Amino acid sequence: QAQPMESGGGLVQAGGSLRLACVASGSIFNFNVMAWYRQAPGKQRELVAAITKSGSTNYADSVKGRFAISRDNAENTVYLQMNSLKAEDTGKYYCIGQPAGIWGQGTQVTVSS
């Protein structure tokens with residue numbers, strides 16, 4: 001399988017918004033779950049949000065109420081809408097299909113305070 005392609009990152013001021021996109025190389029229906037992770041400098045990669053085939057979602061406590069994950073099955077794309085961004089949201093964001101997906105290159109999100 002090929003790496004997923006993440007995009008949409010950038011530099012934004014605190015309180016701003018970004019929308020990340022992840023295009024899978026094949027059908028996202030191949031995976032039970034599609035998830036977004038992030039990794040801040042010096043920290044372990046952590047789960048941010050996940051969405052199942054049926055559309056059930058799960059979020060890290062730190063992003064609940066601010067982030068929203070969605071999927072477009074026809075476009076094999078998963079999105080992460082990020083609102084009310086905080087400096088602590090800074091990091092590289094990755095998407096992955098689970099189980100058995102592979103990591104993409106990620107997209108950098110930097111939030112200035």
Side-chain angles (χ1 to χ4, degrees):
Q1 59 176 291
Q3 288 180 323
M5 295 288 292
E6 301 98 339
S7 63
L11 173 63
V12 64
Q13 288 189 332
S17 298
L18 284 173
R19 188 191 195 204
L20 307 184
C22 168
V23 180
S25 59
S27 173
I28 58 177
F29 271 117
N30 290 338
F31 301 105
N32 292 329
V33 176
M34 293 296 299
W36 283 97
Y37 284 75
R38 69 185 177 193
Q39 188 166 20
K43 294 188 177 181
Q44 287 189 328
R45 197 169 294 187
E46 62 173 355
L47 176 68
V48 175
I51 186 166
T52 68
K53 282 184 179 181
S54 62
S56 297
T57 57
N58 183 45
Y59 297 94
D61 287 343
S62 59
V63 307
K64 281 181 182 175
R66 300 189 296 121
F67 289 14
I69 188 171
S70 61
R71 60 194 293 162
D72 182 334
N73 296 326
E75 297 295 327
N76 290 322
T77 302
V78 180
Y79 299 98
L80 186 67
Q81 178 67 43
M82 306 188 296
N83 300 325
S84 302
L85 282 161
K86 304 176 181 179
E88 51 263 44
D89 295 318
T90 293
K92 202 156 194 182
Y93 285 68
Y94 303 84
C95 77
I96 190 167
Q98 294 169 324
I102 62 173
W103 296 104
Q105 296 294 318
T107 185
Q108 179 67 37
V109 172
T110 303
V111 184
S112 62
S113 56

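These numbers were taken from a predicted model, which means no experiment stands behind them.
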Inset, instruction - Report the distance from atom OG of S7 to atom CD of Q105, rounding to the nearest 0.5 Å. - result: 13.0 Å

Inset, instruction - Establish whether L18 and V48 are linked, either directly or via other cluster members, by ILVMFWY side-chain heavy-atom contacts under 4.5 Å. - result: yes

Legend entry - Spacing of Q44 atom CD and Q39 atom CD [to the nearest 0.5 Å]: 8.5 Å

Legend entry - Polar side-chain atom of T110 near backbone of T90 as donor-acceptor pair, under 3.5 Å: no

Inset, instruction - Test side-chain contact (heavy atoms from CB on, under 4.5 Å) on Q98 and F31 and set out the steps. - result: CA-CA 5 Å; Q98 294 169 324; F31 301 105; 5.8 Å; no

Legend entry - Sidechain-backbone polar pair: R45 side chain, K92 backbone, donor-acceptor under 3.5 Å: no

Legend entry - Closest approach of V33 to A50 (non-hydrogen atoms, all atoms of both residues): CG1-CB, 3.8 Å

Inset, instruction - Please name the pair of heavy atoms, one in S113 and one in A87, separated by the smallest distance, quoted to 0.1 Å. - result: CB-CB, 4.2 Å

Inset, instruction - Identify the heavy atoms of C22 and W36 that sit nearest to each other, and give their distance. - result: CB-CZ2, 3.5 Å

Legend entry - Whether Y59 side chain and I69 backbone form a donor-acceptor pair below 3.5 Å: yes

Legend entry - Interatomic spacing from CG in N30 to NZ in K53 - rounded to 0.5 Å: 7.5 Å

Legend entry - Pair K86 + D89, salt bridge at N-O below 4.0 Å: no

Inset, instruction - May I ask whether L11 and Y93 are part of the same hydrophobic cluster, defined by side-chain heavy atoms of I, L, V, M, F, W, Y residues being less than 4.5 angstrom apart, directly or through others? - result: no

Inset, instruction - Work out which heavy atom in G9 is nearest to a heavy atom in L20; give both atom names and the distance. - result: N-CD2, 3.6 Å

Inset, instruction - Please examine the side chains of V63 and R38, heavy atoms only from C-beta on, and report whether any two atoms are closer than 4.5 Å. - result: yes

Inset, instruction - Check the surroundings of atom CD in E46: do more than 12 heavy atoms from other residues, nucleotides or ligands lie under 6.0 Å from it? - result: yes

Inset, instruction - Measure across I96 and Y37 and return the closest heavy-atom pair with its distance rounded to 0.1 Å. - result: CG2-CE1, 3.8 Å

Legend entry - Within one Ile-Leu-Val-Met-Phe-Trp-Tyr cluster: L80 and V109, side-chain cutoff 4.5 Å: yes

Inset, instruction - Keeping the roles fixed (side chain from E6, backbone from C95), state whether a donor-acceptor pair exists under 3.5 Å. - result: yes

Inset, instruction - Starting at CE of M34, measure out to CG of N76 and round the result to the nearest 0.5 Å. - result: 9.0 Å

Inset, instruction - Kindly work out whether a path of hydrophobic side-chain contacts (I/L/V/M/F/W/Y, heavy atoms less than 4.5 Å apart) joins Y94 to Y79. - result: no

Legend entry - Gap separating the CZ atom of R71 from the OG1 atom of T52, nearest 0.5 angstrom: 7.0 Å

Legend entry - Shortest non-hydrogen contact between T107 and G8, atoms and distance: OG1-N, 3.9 Å

